[in-house]
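This report concerns only the one structure given below.
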2 protein chains.
Amino acid sequence: MALTKNIKLLIEYDGTNYCGWQRQNNGESIQQKIEEAIENVTGVFSKVIGSSRTDAGVHAKGFVCNFFTENSIPPNNFKRALNAFLPEDIVVVESKEVDKEFHSRYNSIGKRYVYTVVNGSNRPAIERNYVYYFNKTLDIERMRKASKYFLGTHDFSAFKKQGSSVKTSVRTIKELTIDKDGKYIRFSITGDGFLYNMVRIIVGTLLDVGVSKFNPEDIEKIITSKNRANAGKSVPACGLILEEVFY
Amino acid sequence: MALTKNIKLLIEYDGTNYCGWQRQNNGESIQQKIEEAIENVTGVFSKVIGSSRTDAGVHAKGFVCNFFTENSIPPNNFKRALNAFLPEDIVVVESKEVDKEFHSRYNSIGKRYVYTVVNGSNRPAIERNYVYYFNKTLDIERMRKASKYFLGTHDFSAFKKQGSSVKTSVRTIKELTIDKDGKYIRFSITGDGFLYNMVRIIVGTLLDVGVSKFNPEDIEKIITSKNRANAGKSVPACGLILEEVFY
């Protein structure tokens with residue numbers, strides 16, 4: 001009798017040419033490419049469970065997913081075998097066997113995202129698919145002050161895409177840092193989980209603070225209003241990278 | 001009578017989807033895109049003079065070119081006007097009027113290129129078009145020792161693509177540094193000029209030193225042999241960026 005193994009994959013991908021992680025009818029997805037590669041290696045279709053549903057155009061350096069297989073290939077070798085069938089914009093960084101109870105999404109206790117803004121007088125040609133170009137002058141200190149109001153546990157209804165339904169909009173943000181490195185401004189956000197478009201709306205709202213459309217202390221009012229219309233716009237997907245999923 | 005102006009452009013481009021700087025019959029070139037944009041702005045075709053012929057897939061952050069026009073648009077405004085007609089992978093960073101005698105190629109007294117290698121156990125998905133993935137362990141100190149032999153004025157016939165004809169293969173390399181930043185290894189090379197594929201063959205030869213195929217002191221012998229067959233292979237175009245052209 002074949003033994004079923006639970007295989008955990010750590011993957012990096014460039015989301016530019018995909019409709020997101022999850023299978024869709026309107027385009028190719030990362031999930032589909034991983035499932036096709038697994039079927040090419042094992043000969044059997046295995047559904048892959050992803051740690052989150054990243055949007056179209058969003059990238060990942062540390063996406064986690066898992067699948068069950070009865071195939072006898074040594075678990076660590078799935079990395080090399082799957083990479084042989086994956087396109088160049090998706091890479092398996094690590095493969096290993098985990099406990100049968102492990103579930104990429106349910107067991108996740110947190111995630112870290114990084115959003116990169118290029119702030120200057122010229123839109124970038126190189127790396128344009130991995131950053132958001134913003135040409136107005138940004139006050140970093142104002143944005144840093146504003147970022148403090150996001151920390152902790154709040155109902156983030158004002159920071160989720162309208163129409164998205166979840167049991168609760170309460171989330172905890174553990175860390176939010178803003179680093180400037182030349183023309184690059186990086187927003188690093190760690191939380192126990194994120195609502196649909198939450199990171200992108202938080203960054204959009206911080207940019208509004210950076211150009212003095214909002215005051216730093218307005219963030220508190222926007223959060224307590226629970227009204228999406230009060231927050232800033234959602235910045236483009238291309239600047240967002242899922243850096244790490246915590247278990 | 002219209003006054004002819006000589007306009008110098010500083011441009012950044014992602015060379016991934018182009019056959020190189022120069023117009024070719026087998027694909028789209030950067031030169032063609034710039035000339036088309038100028039014609040869209042001025043209504044007149046102007047031939048653009050480039051500072052060098054970068055190869056297919058090579059990128060530039062500080063490419064310089066110039067063209068003559070009788071158009072009355074303020075020279076500094078060419079930047080914004082041309083960018084309105086250029087694709088997203090080509091950006092004019094600066095436009096200004098220069099002396100009528102200025103010639104992008106003839107007046108150049110040097111160039112700086114940076115070649116980026118990703119060295120580690122995983123090929124990159126993100127940024128794959130801007131780096132060369134090399135999976136064997138590299139000894140940085142050996143490569144640094146070897147790099148000293150390139151400095152100064154030499155006949156670099158061993159480091160030019162066979163079949164390329166130039167008046168002289170003598171060039172001067174002023175600086176060659178190798179920096180390691182995590183998995184990234186950056187080769188920065190400054191010289192008065194470079195032969196066809198010269199930077200890529202130098203980097204390929206240094207990688208051979210890094211994996212102990214060559215000794216650092218072999219570089220001297222390879223240079224004096226003037227024989228292309230003795231040097232390493234030419235590394236892929238995608239890792240190469242023209243950083244700066246000096247006048």
Side-chain angles (χ1 to χ4, degrees), chain A residues 9-18 21 30 33-34 37 54 57-63 76 78-80 82-84 86-95 114 116 118 120-133 135 181-184 236-243, chain B residues 9-18 21 30 33-34 37 54 57-63 76 78-80 82-84 86-95 114 116 118 120-133 135 181-184 236-243:
Chain A
L9 303 178
L10 182 66
I11 61 176
E12 173 183 331
Y13 57 80
D14 177 337
T16 307
N17 298 318
Y18 296 96
W21 162 260
I30 316 290
K33 291 294 176 186
I34 300 277
T54 63
V58 172
H59 317 290
K61 284 187 180 167
F63 192 93
N76 297 349
F78 267 110
K79 169 184 164 172
R80 191 188 282 201
L82 293 175
N83 281 337
L86 284 168
E88 62 175 11
D89 49 9
I90 305 177
V91 179
V92 175
V93 173
E94 187 186 75
S95 63
V114 169
T116 305
V118 163
S121 52
N122 299 295
R123 66 177 168 86
I126 296 173
E127 302 184 325
R128 69 193 178 284
N129 291 330
Y130 312 114
V131 299
Y132 169 46
Y133 171 59
N135 66 350
D181 173 17
K183 65 183 179 180
Y184 299 97
C238 61
L240 188 61
I241 296 183
L242 172 58
E243 288 280 337
Chain B
L9 302 178
L10 183 66
I11 63 177
E12 173 183 331
Y13 58 79
D14 177 338
T16 307
N17 299 318
Y18 295 95
W21 162 260
I30 317 291
K33 291 293 176 186
I34 300 278
T54 64
V58 172
H59 317 290
K61 284 188 180 165
F63 191 93
N76 297 348
F78 267 110
K79 169 185 165 172
R80 192 188 282 199
L82 293 175
N83 281 335
L86 284 168
E88 61 176 10
D89 47 10
I90 304 176
V91 180
V92 175
V93 172
E94 187 185 73
S95 64
V114 170
T116 305
V118 163
S121 51
N122 299 295
R123 68 177 166 86
I126 296 173
E127 303 184 322
R128 69 193 177 284
N129 291 329
Y130 311 114
V131 299
Y132 168 47
Y133 171 60
N135 68 349
D181 174 16
K183 65 183 176 180
Y184 299 98
C238 61
L240 188 60
I241 297 183
L242 171 58
E243 288 280 335

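In what follows, chains carry the letters A, B, and so on, assigned in the order in which the sequence lines appear, proteins first and then strands, with residues in each chain numbered from 1. For clarity, every value in this text was computed on a predicted model and none was experimentally measured. FYI, side chains are in, hydrogens and waters are out, and symmetry mates aren't considered; it's all heavy atoms of this structure.
No donor-acceptor pair under 3.5 Å is formed between the side chain of Glu94(B) and the backbone N or O of Leu10(B). For His59(A) (side chain) and Gly15(A) (main-chain N/O), a donor-acceptor pair under 3.5 Å exists by modelled atom type. A donor-acceptor pair is defined here as one N or O able to donate and one able to accept, closer than 3.5 Å; such a pair exists between the side chain of Glu12(A) and the backbone of Ala125(B).
With chain B as partner, the option from Arg123(A), Lys61(A), Lys79(A), Glu127(A) having the largest number of non-hydrogen pairs under 4.5 angstrom is Arg123(A). Chain B forms the most heavy-atom pairs under 4.5 Å with one residue out of Ile126(A), Asn122(A), Ile241(A), Asn83(A), and that residue is Ile126(A). Comparing Asp89(A), Ile90(A), Thr16(A), Leu86(A) by heavy-atom pairs within less than 4.5 Å of chain B, the highest count is held by Asp89(A).
Interface remark: Pro124(A) contributes backbone and side-chain atoms alike to the contact with chain B (heavy atom separation under 4.5 Å). Neither the backbone nor the side chain of Ile11(A) comes within contact range of chain B; no heavy atoms are under 4.5 Å apart.
Checking Val58(A), Val92(A), Thr54(A), Leu242(A) one by one against Tyr13(A), the side-chain contact (heavy atoms from CB on, under 4.5 Å) holds for a single residue, Thr54(A).
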message: Let's go through Tyr133(B) and Glu88(A) carefully: what are the C-alpha distance in whole Å and the side-chain angles of both, what is the deciding distance for side-chain hydrogen bond (donor to acceptor under 3.5 Å, both in side chains) to 0.1 Å, and is it a yes or a no?
response: CA-CA 12 Å; Tyr133(B) 171 60; Glu88(A) 62 175 11; over 6 Å; no
